[in-house]
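Just follow the structure's listing: the first ligand is 1, and inside any ligand the first atom is 1.
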Amino acid sequence: MDTYYFESIDSTNVKAKELASLGAISGTTVWAGYQSEGRGRLGKEWHSIAGNGLYCSIVLRPELEVEELSKITLVTGVAVGTLLTELTGKEVQLKWPNDIYFSGKKCVGILAESSPLNNEANERYVVIGVGINVNQSLVDFPMELRSTVTTMYEEAGKKFDLKKLLYALRERLISQVNMFEQHGFAPILAEWRKMDFLLGREMECVDVEGKVVRGVSRGPDSDGNLHVEAMDGSLHRVLSGDVRLATKT
Ligand code: BTN
């Protein structure tokens with residue numbers, strides 16, 4: 001499995017997709033010390049502070065039906081979340097669909113991107129981008145983020161070797177995706193639910209019909225879609241989009 005390191009790059013996801021479309025094998029990994037255009041879901045920016053975070057993208061070619069690919073983000077959440085708990089000794093929470101938190105503060109973002117849907121089965125790939133705040137101190141972040149983010153260093157009180165962390169993450173991710181291929185989504189969803197940050201909390205989101213819903217999170221279903229129970233008791237399904245804790249009115 002090839003591993004490419006760049007001191008500086010626009011986005012490791014962009015590079016990994018380029019390599020995948022040229023035929024890179026499953027497990028091919030791109031990581032960088034700094035990203036000038038690190039990207040998050042919904043076009044958001046990902047702050048890539050030079051040298052102290054892990055910014056990586058892993059090409060996978062899982063044997064899964066196209067409909068199953070959307071669950072890869074949750075599968076990655078379990079893989080990375082359990083690894084971080086082991087390494088820091090602190091419990092993580094998974095915020096649907098792609099964030100990992102410690103004590104309500106974001107430490108990890110996941111951006112999974114698939115090949116174009118019309119690709120032949122043998123050309124299909126998924127690129128799993130993971131950004132982890134590792135050795136930064138809170139003061140390294142812009143003032144406006146300091147109350148909402150955390151790092152492995154802040155949680156564990158020690159620094160981590162980025163390369164070792166990358167290899168551990170890749171190994172864990174590949175074995176979690178193998179489990180998904182062999183045993184399906186149910187056992188992974190059960191693990192995910194144990195770490196669910198939003199479960200039972202009041203939140204706001206946009207449902208599949210584009211309606212803004214304020215309600216209580218009932219967690220993801222067997223398709224990986226979030227269910228939200230509105231104040232009038234109606235149930236709404238959220239496919240993707242932004243979900244946030246409701247502010248008091
Ligand atoms: C999010 O929080 O919405 C997801 C953030 C994902 C960031 C990672 S960093 C490595 C990879 N390259 C990118 O441009 N994005 C992902």
For this session: May I ask you to list the atoms of ligand 1 that are less than 4.0 angstrom from any heavy atom of Ser11?
Result: 12 (N), 13 (C), 14 (O)

Problem set entry | Protein heavy-atom partner closest to atom 2 (O) of ligand 1 - residue, atom, separation in Å | Lys106 NZ, 2.5 Å

Exercise. In this structure, are over 12 heavy atoms from other groups packed under 6.0 Å from Glu144 atom CD?
Worked result: yes

Exercise. In this structure, are over 12 heavy atoms from other groups packed under 6.0 Å from Glu86 atom CD?
Worked result: yes

Exercise. Relative to ligand 1, is Ser57 under 4.0 angstrom through side chain, backbone, both or neither, heavy atoms considered?
Worked result: side chain

For this session: Please determine, by modelled atom types, if Asp196 and Gln93 share a side-chain donor-acceptor pair under 3.5 angstrom.
Result: no

Exercise. Short list, please: which atoms of ligand 1 are under 4.0 Å from a heavy atom of Cys56?
Worked result: 10 (C), 11 (C)

Exercise. In ligand 1, which numbered atoms sit nearer than 4.0 Å to a non-hydrogen atom of Arg39?
Worked result: 5 (C), 6 (C), 7 (C), 13 (C), 14 (O), 15 (N), 16 (C)

Exercise. Do you see a donor-acceptor pair shorter than 3.5 Å between the side chains of Glu191 and Thr82?
Worked result: no

Problem set entry | atom 5 (C) of ligand 1 [closest protein heavy-atom partner, distance rounded to 0.1 Å] | Trp46 CE3, 3.5 Å

Seminar exercise, completed: Short version for Val14: what comes under 4.0 Å of ligand 1, heavy atoms counted, is neither

Problem set entry | Option set Gln35, Arg41, Glu37, criterion heavy-atom distance to atom 13 (C) of ligand 1, minimum | Gln35

For this session: Have a look at Ile110, Asp10, Asn98, Thr12 and point out the one with the heavy atom closest to atom 11 (C) of ligand 1.
Result: Thr12

Problem set entry | Test: Lys95 cationic atom under 6.0 Å from Phe197 six-membered ring centre, within 45° of axis | no

For this session: State the atoms of ligand 1, each with its element, that fall below the 4.0 Å cut-off from a heavy-atom position in Gly38.
Result: 14 (O)

Exercise. Regarding Asp232 and Ser234, is there a side-chain donor-to-acceptor distance under 3.5 Å anywhere?
Worked result: yes

Problem set entry | No-hydrogen, no-angle side-chain donor-acceptor test under 3.5 Å, Thr29 and Arg170 | yes

Exercise. Does atom OH of Tyr153 have more than 12 heavy-atom neighbours, drawn from other residues, nucleotides or ligands, at distances under 6.0 Å?
Worked result: no

Seminar exercise, completed: Among non-hydrogen protein atoms, atom 8 (C) of ligand 1 lies closest to Gly131 N, 3.6 Å

Exercise. Regarding Asn13 and Ser57, is there a side-chain donor-to-acceptor distance under 3.5 Å anywhere?
Worked result: yes

For this session: Find all atoms of ligand 1 within a distance of less than 4.0 Å from any non-hydrogen atom belonging to Gly40, and give their numbers and elements.
Result: 1 (C), 3 (O), 4 (C), 5 (C)

Problem set entry | contact_flag Lys44 ligand 1 heavy-atom lt 4.0 Å | no

